[in-house]
J.: 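This is the structure, below, for whatever I ask next.
We count ligands from 1, going down the list as the structure has it; atoms in each ligand are counted the same way. Keep in mind that the numbers below use all heavy atoms, side chains included, and drop hydrogens, waters and symmetry copies. The structure displayed is predicted, hence computed values, not measured ones.
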Amino acid sequence: MSLDIFLDDNELIARIKDLKKERNAIILAHSYERPEVQDIADYVGDSLELSRLAAKTDADVIVFCSVHFMAETAKILSPQKTVLLPAAEAGCPLADMITPAQLEVEKAKHPNAAVVAYVNCSAEIKAMADVCCTSANAVQVVDAMPQDEILFVPDQHLGRWVQTQTNKKMILWAGCCPTHQRMKAKDILELKKEHPGCEVVVHPESNEDICNLADAILSTSQMLRYCQASSAKTFIIGTEMGMLHRLRTAMPDKTFLQPSKGLICPNMKMTQLEDVYEALKELKNPIEIPEPIRIKALASLNGMLAAVPTK
Ligand code: CIZ
């Protein structure tokens, strides 16, 4: 073990900044990352926003503080760059709820359905899909497909929410995010009583009873814009607790509350400053994807960008 790990935070941050210059690197952090990791990042955002930034930047090295499928998405879009995942063990239980073999079986049962894969899945699943989507553009992507039936993987709750917004027939995979499942409707109702006039903003990975209590059902990037535009001063935020740091940093004059205790994704919290430092110092944990899979996964991501051009 390197003695460097006993550096205090200020020294670590100074060394991270030096290494960033030396490596011509940028640091990206998902909104669910630890506050201190968000604070040293060049950009904080959702997985697709960050991957697109990674593709545009002139940096040679992308340190993607997140979980595996997110760093993988950046590598799919930027194969020539070194993409590092500082905490190599940081996975996603939702992404792990579908395997290529399982998807093959389900596809065979629904030969007329288009496979729409939420970006929270592995490169292999993206490669097998007709198109990808994010929680911000899932409805538009589904509506843009020529097929009337959609096999939607892997998040059942996002798929169920899309079904309320589209005439297509949605066939839902039974995956879910364990962190969002921990939210309790009774906690939201209690907080609403304590804070009259507050708005409830939840992520579409949430259960139906939670979505039914929401003023808005939004992706993390949409949440930020919604809260900025709203005249409300207090918001109950139904998603992973890291998002509260992002919202509080962007809007220090507004109040953001967590509905239930323990809305923590253990995988998102794996990345610590030491990991970012080690990743930069050793070029540790580079993401590699076999080229035939990357090419097909890229086609699914490009299909999404063509269906829903973004800014
Ligand atoms: O794709 C992402 O970044 C996730 C997991 C959520 C969101 O709504 O941004």
J.: Could you check atom 7 (C) of ligand 1 against the protein and tell me its nearest heavy-atom contact, residue, atom and distance included?
T.: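 The closest one turns out to be Thr220 OG1, 3.2 Å.
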J.: Could you tell me, atom by atom, which parts of ligand 1 come under 4.0 Å of a heavy atom of Ser219?
T.: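 The atoms of ligand 1 under 4.0 Å from a heavy atom of Ser219 are 8 (O).
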J.: Using only heavy-atom distances, determine whether the side chains of His68 and Asn267 contain a donor-acceptor pair under 3.5 Å.
T.: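 Distance-only check fails for His68 and Asn267.
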J.: Which atoms of ligand 1 have any heavy atom of Ser135 under 4.0 Å away?
T.: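 Answer, ordered by atom number: 7 (C), 8 (O).
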J.: Got the closest protein heavy atom to atom 6 (C) of ligand 1, with its distance?
T.: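 Of every protein heavy atom, His203 NE2, 3.4 Å lies nearest to atom 6 (C) of ligand 1.
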J.: Measure the CD1-CD1 distance between Ile13 and Ile40 for me, rounded to the nearest 0.5 Å.
T.: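 These two atoms lie 7.0 Å from each other.
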J.: Would you kindly specify which portion of Asn120 sits under 4.0 Å from ligand 1, judged on non-hydrogen atoms: side chain, backbone, both or neither?
T.: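 For Asn120, the contact with ligand 1 is made by the side chain alone.
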J.: Using a strict cut-off of less than 4.0 Å between a Lys/Arg side-chain nitrogen and an Asp/Glu carboxylate oxygen, indicate whether Glu190 and Lys186 qualify as a salt bridge.
T.: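 So Glu190 does not pair with Lys186 through a salt bridge.
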J.: Is it true that Glu240 and Lys269 make a salt bridge, defined as a side-chain N closer than 4.0 Å to a carboxylate O?
T.: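 Judged by the 4.0 Å cut-off on N to carboxylate O distance, Glu240 and Lys269 do form a salt bridge.
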J.: Between His180 and His157, does the ring centre distance come in under 6.0 Å?
T.: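 Centroid distance His180-His157: not below 6.0 Å, so no.
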J.: To check your reading of the model: name the closest protein heavy atom to atom 4 (C) of ligand 1, its residue, and the distance in Å.
T.: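 Here the nearest protein heavy atom works out to His30 NE2, 3.7 Å.
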J.: Under a 4.0 Å N-O cut-off, is there an ion pair linking Lys75 with Glu72?
T.: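 No, Lys75 and Glu72 are not salt-bridged.
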J.: Quick check on contacts: which atoms of ligand 1 are under 4.0 angstrom from a heavy atom of Ser47?
T.: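 Listed by number with element: 1 (O), 2 (C), 3 (O).
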J.: Under 4.0 angstrom from ligand 1, any heavy atom of Glu49?
T.: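 So Glu49 does not count as touching ligand 1.
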